[in-house]
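The model shown is predicted, which means the values in this text are computed figures rather than measured ones.
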Amino acid sequence: MAANSLDRAKQAVRTQVWDALTAADAVHDLSVHGRIPNFKGAEEAAARLATLPAWQHASVVKAVPDKAQLPVRARALEEGKTVYMAVPKLATLKPFYLLDPAVLTVPPAEAAASRTAAVVAPTVEVDALRPLDLIILGSVAVNRDGARIGKGAGYSDIEFALLTEAGLVTPETIVVTTVHPLQVTETPIPTTEHDVDVDLIVTPEETITCPNPHRPSGVDWSTLTTEKIATIPALMARQTF
């Protein structure tokens, strides 16, 4: 599928899910379009995730900064897990906040909020991260095979590729997304080589194990424009000519 056709197909799936969530009054956002949905039931999804062995065995978690995953980040900190959270748009050379529960100066639920983390947490370079046990992604839509799409900016896939190249994502690392049931779609989700699939989908009512999820092996430089690379210092630092 050509790039433009693929983008249109992905956007059609996003729109379908955003419309369904809006019709069901299933989100906290005034308008969900263009966002990772801050879905109602996020706390229950986080609680379900916390019952799983993949969570209980994890001591190092990398999580997105989206509001929907705030309960997951807070619970991780409350349970003594180290949490890394991306700086918005990976805009600094040290593109991850380090939330260490042993040294937090505010309660975990506050520290887990992206605006507070920006104040209280140090930032670290990719190479300073510890190997990741669990990666938490936000999604607009996901299917039962593990294919997912975000809001279209591509930062989660770039993060994953950078962390993989740094040896921080191992075959044992589990990739999870927490979503509303309406975000689990039967509509085919077109994917490319650099898209990251998930191992587990967790809704407030269900845990879905995905068969043979795809993972990129590293940064696919051929898909990145010069302009995109220029906005992400961690990519510029790794670029090979």
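- Counting heavy atoms from C-beta on, the side chains of Thr207 and Arg48 come closer than 4.5 Å.
- To the nearest 0.5 Å, atoms CD1 (Ile149) and CG (Asp195) are separated by 9.0 Å.
- Under the 4.5 Å side-chain contact rule for hydrophobic residues, Tyr97 and Leu104 share a cluster.
- For Arg73 (side chain) and Pro108 (main-chain N/O), no donor-acceptor pair under 3.5 Å exists by modelled atom type.
- Under the 4.5 Å side-chain criterion, counting only non-hydrogen atoms from C-beta, Pro95 is in contact with Val126.
- Gln11 and Arg14 share a side-chain donor-acceptor pair at under 3.5 Å.
- Between Leu52 and Val202 there is a side-chain heavy-atom pair separated by less than 4.5 Å.
- Side-chain contact check for Thr82 versus Ser59: every heavy-atom pair is 4.5 Å or farther apart.
- Taking CG from Asn143 and CD1 from Ile189, the interatomic distance works out to 4.5 Å, rounded to the nearest 0.5 Å.
- With a 4.5 Å cut-off on side-chain heavy atoms, Pro211 and Asp145 count as touching.
- Relative orientation of the Phe39 and His180 rings is perpendicular, given thresholds of 30° and 60° on the angle between their planes.
- Taken from CG in Leu163 to CD1 in Ile135, the straight-line distance is 6.0 Å, to the nearest 0.5 Å.
- Closest approach of Val17 and Gln183 over heavy atoms only: CG1-CG, 3.8 Å.
- Criterion: ILVMFWY side-chain heavy atoms under 4.5 Å apart, direct or through other members. Under it, Leu162 and Val64 are not part of a common hydrophobic cluster.
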Q: Any chance you could lay out the side chain to side chain contact (heavy atoms under 4.5 Å, CB included) test for Ile136 and Leu49, step after step, and finish with the verdict?
A: CA-CA 10 Å; Ile136 311 296; Leu49 171 59; 4.0 Å; yes

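- A salt bridge links Asp25 with Lys40: the closest approach of a Lys/Arg side-chain nitrogen to an acidic carboxylate oxygen falls below 4.0 angstrom.
- The hydrophobic cluster containing Val142 also contains Ile208, counting ILVMFWY residues as joined when their side-chain heavy atoms lie under 4.5 angstrom apart, directly or transitively.
- A cation-pi geometry, defined here as NZ or CZ lying under 6.0 Å from the six-membered ring centre and within 45° of its normal, does not hold between Lys151 and Trp18.
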Q | side chain to side chain contact (heavy atoms under 4.5 Å, CB included) between Ile201 and Cys210, worked out | A | CA-CA 8 Å; Ile201 303 165; Cys210 306; 3.7 Å; yes

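- A single hydrophobic cluster is seen to contain both Leu134 and Val72, as judged by linkage of ILVMFWY side chains at heavy-atom distances under 4.5 Å, directly or through other members.
- Listed here is the closest heavy atom pair of Glu205 and Pro181: OE1-CG, 3.0 Å.
- Note that the OG1 atom of Thr177 and the CZ atom of Arg148 stand 6.0 Å from one another [nearest 0.5 Å].
- The environment of Lys81 atom NZ is dense: over 12 non-hydrogen atoms of other residues, nucleotides or ligands sit within 6.0 angstrom.
- There is no side-chain donor-acceptor pair under 3.5 Å between Ser31 and His33.
- For Arg144 (side chain) and Glu186 (main-chain N/O), no donor-acceptor pair under 3.5 Å exists by modelled atom type.
- The closest side-chain donor-acceptor pair between Arg215 and Thr164, if any, does not fall under 3.5 angstrom.
- Taking OH from Tyr84 and OG1 from Thr123, the interatomic distance works out to 12.5 Å, rounded to the nearest 0.5 Å.
- Under 3.5 Å, the side chains of Thr187 and Gln16 contain a donor-acceptor pair of N or O atoms.
- When hydrophobic clusters are built by joining Ile, Leu, Val, Met, Phe, Trp and Tyr residues whose side-chain heavy atoms come closer than 4.5 Å, directly or via intermediates, Val87 is not grouped with Phe160.
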(Q) Go through it in stages, so that I can follow the logic: the residues are Ile158 and Lys228, the test is side chain to side chain contact (heavy atoms under 4.5 Å, CB included), and I'd like the CA-CA distance, side-chain angles, deciding distance and then a yes or no. (A) CA-CA 11 Å; Ile158 291 170; Lys228 185 79 167 183; 3.8 Å; yes

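- In this structure, CE in Met85 is found 10.5 Å from CG in Leu98, a value given to the nearest 0.5 Å.
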